[in-house]
Amino acid sequence: MDNPKVRVRYAPSPTGMLHVGGVRTALFNWLFARKMGGAYVLRIEDTDLARSTEESVEQLKSSLRWIGLDWDEGPEIGGDHGPYRQTERFDLYREAAKKLLDTGHAYHDFATTEELAALRDKARTEGRPPIYTGGEYRDMEPRETQNRIEAGEPYTVRFKTPREGQTVVEDLIRGPVTFENVNIEDFVIMKSSDTPTYNFAAAYDDAAMEMSHVIRGDDHLSNTPRQVLIHEALGYGLPAFAHVPQVLGPDKKKLSKRHGAASVEEFAEQGILPEALFNYLALLGAGYAADEEIFAPNELAKRFRIEKVSGNPAVFDEKKLTAINAVYLHRQSPEELAMLAAPMLAESGTVDAAELQHDMPRLTQIMALLKERLNRATDIPDSVTYFYGGELEYDPEEFQKQFDKEFVKENFPELVARLEALPDWTEATIEEAIRGLAAEKEKGARHLIHPLRFAVTGRTVSAGLFETLQLLGRERSLLRTRHAAEKLRQLPTQ
RNA sequence: GGCCCCAUCGUCUAGUGGCCUAGGACAUUGCCCUCUCACGGCGAAAACCCGGGUUCGAACCCCGGUGGGGUCACCA
């Protein structure tokens with residue numbers, strides 16, 4: 001389904017980290033472009049000189065790449081419709097503004113910020129909507145305008161919005177959305193600094209870059225009639241619009257930092273795999289059939305249908321993200337997980353870097369044993385600690401709970417002895433020793449297994465005890481069981 | 001407040017007038033498996049916001065209300 005005419009874009013403003021809401025719209029654009037065989041372009045909307053930073057641009061790009069949303073045209077890649085940063089397109093906007101001025105679609109406005117604020121206040125107190133229609137400037141004599149400009153009076157350029165009629169936004173997700181023109185004020189297109197406003201730059205660029213579809217957050221829906229007006233005034237055709245709903249926090253408010261993790265980087269730090277975030281976000285409100293939900297990017301793209309995207313806002317559910325992440329984690333091979341784990345272990349200081357170096361095979365075996373139990377990559381360091389190091393510290397209370405039993409006191413030393421006497425240290429021989437002893441004493445094996453597990457891992461939960469013991473190794477296992485047996489002797493007899 | 005959008009289990013959703021005694025997934029929970037945990041298997045509880053229409057028949061269509069969200073800048 002190749003369609004070179006299909007062109008979509010993700011157009012973030014580099015004023016912070018890439019937000020999950022942002023990735024999701026980027027994701028929908030990417031999915032749509034892939035599905036249609038069109039182009040997905042990245043455009044940086046950095047016209048707000050005060051808030052845009054180079055650091056954000058870099059973060060944006062790396063976050064996008066991390067999750068796998070590579071762009072076909074844009075910064076670093078180039079393309080036929082560049083430049084792709086709005087700060088590099090100022091001349092184009094000035095030219096377009098001039099065209100609008102010349103054709104009577106825009107005018108110079110000399111009202112000061114203070115005057116405008118006063119007007120708004122007045123309207124508000126009178127209970128009228130504060131819609132600015134240019135006053136004396138809207139239809140000022142060209143001569144007069146010229147004089148003021150030459151006198152050095154500051155001005156903005158405003159769009160001359162029709163005072164009657166309506167503007168209809170044809171939205172792929174919501175159908176036609178109608179706006180009365182009287183409710184749209186004469187908005188600024190060029191600031192007094194001779195730089196464009198968002199609405200103007202975005203509309204111009206979408207036209208100039210020949211976007212066929214504009215897929216973006218629905219917080220832009222109320223801006224859209226203005227952009228439609230600009231397209232029409234400039235004489236360009238309209239792209240199709242699709243406004244996707246916001247991503248909300250559990251309190252149904254727009255998702256933000258105070259809901260915990262909200263940026264792509266934070267999720268990465270919290271042990272979320274890129275493919276898991278990708279999959280989860282794609283599912284969120286995209287209207288895929290619900291029978292299955294683990295899909296690779298290309299599969300997601302194949303099934304994507306923009307008109308199926310739900311119109312209602314979706315609550316971001318970390319639990320479900322974690323569940324999907326667990327699926328992806330479990331699918332990794334032990335080798336891949338070991339590669340993932342090694343740097344984490346070294347960094348957290350759980351394991352000596354040198355030891356890791358020469359013992360990747362063992363780490364791999366450990367990961368094979370543990371992977372079913374992982375939910376997030378960040379679970380790894382804590383879950384492997386007891387596979388390394390020597391004697392363990394025991395929580396006194398739990399120790400008592402595990403060992404202060406008649407049967408354990410009587411038989412644990414014997415268990416230790418039998419383990420020590422084992423000719424081969426394998427899962428099978430270990431199991432046989434333990435079960436054998438339990439059988440002789442006519443007790444369930446669990447009466448030995450639980451205290452042994454605690455002795456050897458310092459925990460009450462772990463993977464299967466026999467395989468764990470084997471992987472722990474004879475030395476370490478015996479060191480710890482002896483240590484535990486020693487402590488057991490010191491337990492006060494009551 | 002004006003304008004705009006939205007409304008099915010706690011959450012994401014399926015559903016486009018009869019197939020719905022409303023399906024799935026996550027979360028919750030019972031049981032089974034079992035050396036604990038996890039996995040897996042089998043169950044349970046859990047929703048069509050309200051009120052009017054239209055229709056032989058509405059979760060699905062229309063209107064109103066209510067609720068939630070967005071937006072009202074020389075920010076994007």
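The chains referred to below are lettered A, B, ... by the order of the sequence lines, with proteins before strands, and numbering in each begins at 1. The shown structure was predicted, so the numbers you read here are calculated from the model rather than taken from an experiment.
B:A73 and B:U13 have their C1' atoms separated by 38 Å, with the value rounded to a whole Å.
Listed nucleotides B:C26, B:C39, B:U11 differ in distance to A:Lys319; the shortest reach to its side chain belongs to B:C26. Looking at the side chain of A:Thr156, the nearest of the listed nucleotides B:C74, B:C5, B:C26 is B:C74. When the nucleotides B:A76, B:C12, B:G70 are ranked by their closest atom to the side chain of A:Asp48, B:A76 comes out on top.
Put simply, NE2 on A:His450 is 14 Å from P on B:U34, counting in whole angstrom units. In this entry the distance linking CZ of A:Arg331 with C1' of B:C39 reads 15 Å, nearest Å. We find that CG of A:Asn325 is positioned 13 Å from P of B:A27, with the value rounded to whole Å.
OP1 or OP2 of B:C6 has not a single side-chain nitrogen or oxygen of A:Lys252 nearer than 4.0 Å.
A:Gly464 comes within 4.0 angstrom of a base, heavy atoms only.
The base of B:C37 has none of its N or O atoms less than 3.5 Å from a complementary donor or acceptor on the side chain of A:Ser462. A donor N or O paired with an acceptor N or O is not found under 3.5 Å between the base of B:A76 and the side-chain atoms of A:Asp219.
Screening A:Tyr107, A:Phe187, A:Tyr204 for a ring-ring contact (aromatic ring centres under 6.0 Å, His included) involving A:Phe159 leaves a single residue, A:Phe187.
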